[in-house]
> 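There's a structure below that I have some questions on.
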Amino acid sequence: MQMIEKMTSKRRLCCSCCSKCQRKWDSVIENAFGKLGFFISTYPVIIMIVCIVVNLLLTIGIVNIEVENDVETLYTPMDSQAIKDRSALRNLYGDSTNSSFRPYQLSDFGLYGDVMIISKNKSTIMNQAYVDEINNINSIIRNTISVSDSTGQTYTYDDLRAGSNSNEGIASAVVLMDTFQKKFIIANITYPFDGDHILSPYLAQASHETGKLNSALGVKLQYYLRQSDVNAVELSKQWEKAFVSKLESLQTNLTDIAFAYSDSLGTELNKNTKSDIGFFSVTFVLMMTYASLASFTINCNNVANRMNLGIAGVIAPLLAIASSCGFVSAIGIQFTNIVGVMPFLVIGIGIDDMFILMSGIADAQPLSKISIEERVIFMMQKSAVAISITSLTDLLAFVVGATSVFKSIRNFCIYTGVSVFFCYLNQLFFMCPAITINEKRTEENRHFCCCRKIVKPKTRYKNKPKCFLHCVPGSPPETRRDVESPMEKYPKKVILLILNNLFGKFFVVLSFLAYISFSIYGCVHLQQGLQLFNLVSKDSYYYKYSVWDENYFTTEPMITFCVITEQEYHRSETQNHINYVLSQAKMDNYIDDTVEINWLNSYKQSAYYNDSSELHFIGGLNEFLTSQSGQSFRNDLVMDTSGHRVLSSKFYLKAKNMKTSNEQGGFMTRIRKLTESTALPCIIYTPAFVFFEQYVHILPSTLQTLGIAIAAMLVVTVIFMPDWRVVSIVCITLISILCGIFGFMYYWDLTLSSITMIHLVMSVGFSVDFSVHICHAFMTVEGYSREIVLQNAIDRSGGPVVNAAFSTLLGIVMLAFSTSYVFKSFGILMFLVIGFGLIHASFFLPLLLYAITPCFHKTHTLNSSFNSTPGRVESDIRTRYPDNLRGFDDNSEILSAETCYAC
């Protein structure tokens, strides 16, 4: 027993020391904010004017705004291996659209117009009527779509086509040939190859038996354009737009068409996002209305009414949004479509901070007992510390996100991080002065709307109509109940009703277990990848094109194996190395081992082949490349200026149909490993790899970003609330919320992509906001029992948290009507973040704090830098918490009471 008593005594001593250190650190932070509060309360008007002027000056930078809409630039990893490989190929081979053009020889997707032609009744097109309509559509595209240059000269497709021969620029030109069409009609086509031509990527839902084509629902025609010089590129881009314009109005009889061009996705994404900008104004009106109503009291006290502060609370983040966009644009950061969701986010943060500040000033002693300066100091010590924690955690989340390998995420996080920082400054130097000015109005007994002096409260008016009693009387508030609106009072009463009830506690625990179970299941089944047709509106022509491409056609990219250094190709060792790499690649399940485009094998089978020496080898090769059988390989080799050495060469294999992101990302990773098993310096590449990169990077990038952000937030929590229990609880809560967000993405049919990763980075900051408010309230409220601390913590933070959550949810309601995947996915994830954050902060977290936090040292002081008398402190405690102090009759006992309750 003595040993147990000694251990208990040591534990109490340790707890006491930690508690004293924590109180000392809390005092340092509170004193700093108290001094800032004193400064703000002394010069509120000047500070507010300076704040507004600075915001407006920064907004001027918007004139320098630059917009980036390129999908590849935004939604694929910057400086990825695929981009490096493409750059190396461009440096070696340059442009391949001038002569002997083959689409698989391009280092990118090129400039093109695509048209898919599908039978209306989804029957086979292998008859003369369908072939005639396909030929007619081809004729319209090639002969009636034209563009002009600055001199007025007119160009059709045949003038701008890639390659030099007729039909060479059309990837699927084989289906337009007379010989093919005659055999096509009588079902005498071999499949998937007809001679040297690959048919599988260009025929829709083709069926075959014993190597013969039985049916096909349609065809895909791809018209590639020249990119040889700046003028050719400009004319080609004009032709692409004319191509879309023509096909939008084209009427067909037997078939339906879908079409796109090289920049359709970026153009339609930008158009789609712009169409949803109108939601901003509606959202601002809704959120300002809610903030005003949530601040409006219905107790007929027109002095205590704080509706004006609700309006100021929305203006502060609006100023931050404008000034941050101006500042970031001025320093050269490009605006992207995804940044369009930033205002919804920042206004939510601003309103959250507004409710916390208003709760802090309401929690201070009334003006009849302390001065305005002391009330503002109290607010800054309690609420300004709370919003500092949440603003800093939000800011850190975006700072970490700004290091992402995805440019869309980086630019979004820069814009939003700066906006969050400016919003925080506006809360301190716009909202806090506004609160101070409102306090002076209240002290002077002025009406909240017209600022007219009011002499009497409602009880002193007699025989007045109800309208008068509602609109005129008022008096300075004495308790927080006098300034709270119904939206602040009743939500926390519901929370306490549930948490103070045994069955309520049991229900909360069961709900949490069910939530975790569903979340884990969703996390396990969450998919990765970004389906491109989701990025645009369903009304867009590109949506139809993408869905058809997904459902009717195969994805079989040609894989380039490029030897990037000079080799002596006549040597058997070099040839063996090449054959080894290609044979190893063919062993992969997603490589079609029946297709190989190999200039070396074709050369060896020709009459020109001579391997007696490298000089003879090159001589025969040059003759082979000028022959009819070798012309198609001319873009697959790079010779030195003398034509006597091969500096680089390319070989090709065809991949099998790959549709899912896991298949595509896994294939790219496996095939690249072949370069590690050979001494031959080579690059393995296809333009699709640039987009496949996101499937490899997105999960590790997301986990790394989230991990760093979580660690940074825990550091912030330790700084402001140095209590291991609080830090542990915040960590557990954050992980629980993130688990729920990941898991419920699965139930909403969202995938992990570069777009949803933006929202996940954002959610880290939001996930911790509400929880920190509750934890901070538990640490700072007065009370000498668990029940009283729970009640006082919910009383201080419950209302602000619920109202902040509802105002943000109200703001994102409009996104449900959006046609943009960017906005709609943002709305869904914001709903999950705010919903789960609110449920955790309102029910799960308070119950956890109630259960596992045994020690509460509650000694109330207004501010050590602005010392109050012991009598005032004692009176303060007795007045505000009479039920907490039963059994404490001596004043000194009240001032120094330290009570430790065991679990």
Side-chain angles (χ1 to χ4, degrees), residues 294 348-349 351-360 382-383 385-391 393-394 397 487-488 490-500 504-505 507-509 511-512 515-516 519 710 713-714 716-717 720-721 723 725-741 744 762-781 789-810 830-853:
I349 293 174
I351 291 178
D352 178 20
D353 292 344
M354 174 200 77
F355 282 119
I356 293 297
L357 289 172
M358 289 171 62
S359 177
K382 304 304 178 185
S383 296
V385 172
I387 70 167
S388 297
I389 300 172
T390 55
S391 296
T393 53
D394 289 335
M487 295 179 186
E488 291 176 287
Y490 297 116
K492 58 190 179 185
K493 287 186 177 181
V494 173
I495 294 172
L496 286 171
L497 182 65
I498 295 173
L499 293 180
N500 285 329
K505 293 183 176 75
F507 178 75
V508 170
V509 172
S511 300
F512 179 76
Y515 158 81
I516 286 294
S519 298
I710 291 171
M713 287 179 200
L714 293 179
V716 173
T717 306
F720 284 93
M721 293 185 292
D723 187 299
R725 293 162 299 180
V726 172
V727 174
S728 302
I729 291 169
V730 169
C731 182
I732 292 170
T733 304
L734 184 54
I735 292 172
S736 173
I737 294 174
L738 288 176
C739 180
I741 294 167
F744 279 76
M762 164 206 75
S763 69
V764 176
F766 263 73
S767 299
V768 78
D769 279 4
F770 297 154
S771 302
V772 165
H773 289 321
I774 293 295
C775 287
H776 186 263
F778 262 85
M779 291 186 65
T780 57
V781 296
V789 169
L790 175 65
Q791 178 179 333
N792 292 342
I794 297 298
D795 192 46
R796 172 176 291 181
S797 294
V801 164
V802 170
N803 279 291
F806 281 164
S807 63
T808 306
L809 291 174
L810 185 65
M830 275 295 291
F831 175 80
L832 294 177
V833 170
I834 299 301
F836 291 155
L838 176 61
I839 292 172
H840 277 74
S842 300
F843 300 104
F844 300 160
L845 185 54
L847 191 60
L848 181 64
L849 287 166
Y850 173 86
I852 70 171
T853 308

> Over 60° means perpendicular and under 30° means parallel, so tell me whether His840 and Tyr515 are parallel, tilted or perpendicular.
perpendicular
> Any donor and acceptor pair, going by atom type alone, linking the side chain of Ser736 with main-chain N or O of Ile732 inside 3.5 Å?
no
> At their closest point, which heavy atom of Pro846 faces which heavy atom of Leu790, and how far apart are they?
CB-CD1, 3.9 Å
> Nearest 0.5 Å please: distance from the CZ atom of Phe744 over to the CZ atom of Phe831.
10.5 Å
> Quick one: CD1 on Ile774 to OG on Ser842, what's the gap to the nearest 0.5 Å?
6.5 Å
> Using side chain to side chain contact (heavy atoms under 4.5 Å, CB included) as the criterion, point out the one residue from Val802, Ile794, Leu497 that pairs with Lys492.
Ile794
> Take Val833 and Ile737 through the side-chain contact (heavy atoms from CB on, under 4.5 Å) test and state the conclusion after the steps.
CA-CA 7 Å; Val833 170; Ile737 294 174; 5.6 Å; no
> Between the side chain of Thr390 and the main-chain N/O of Ile387, is any donor-acceptor distance below 3.5 Å?
yes
> Backbone N or O of Ile729 within a donor-acceptor pair of the Thr733 side chain at under 3.5 Å?
yes
> For the pair Tyr850 (side chain) and Leu845 (backbone), establish whether a donor and an acceptor sit closer than 3.5 Å, ignoring hydrogens and angles.
no
> Working to the nearest 0.5 angstrom, can you tell me the gap between Leu499 CG and Phe507 CZ?
12.0 Å
> Please give me the minimum heavy-atom distance between Leu832 and Ile741, naming the atom from each residue.
CD1-O, 4.2 Å
> Taking atom CG of Asn500 and atom CD of Gln791, what is their separation to the nearest 0.5 Å?
7.0 Å
> How far apart are the closest heavy atoms of Ser519 and Gly740, and which atoms are they?
OG-CA, 3.2 Å
> State, with a plain yes or no, whether a side-chain heavy atom of Leu849 is found less than 4.5 Å away from one of Val789.
no
> side-chain contact (heavy atoms from CB on, under 4.5 Å) for Ile834 and Phe806? Distances and angles first, verdict last.
CA-CA 9 Å; Ile834 299 301; Phe806 281 164; over 6 Å; no
> Hey, do the aromatic rings of Phe843 and Phe512 have their centres closer than 6.0 Å?
no
> At their closest point, which heavy atom of Ala386 faces which heavy atom of Ile356, and how far apart are they?
CB-CG2, 4.0 Å
> Please report the closest heavy-atom contact between Leu357 and Ser383, naming both atoms and the distance.
CA-CB, 3.8 Å
> Rounded to the nearest 0.5 Å, what separates atom SG in Cys775 from atom CD1 in Ile389?
9.5 Å
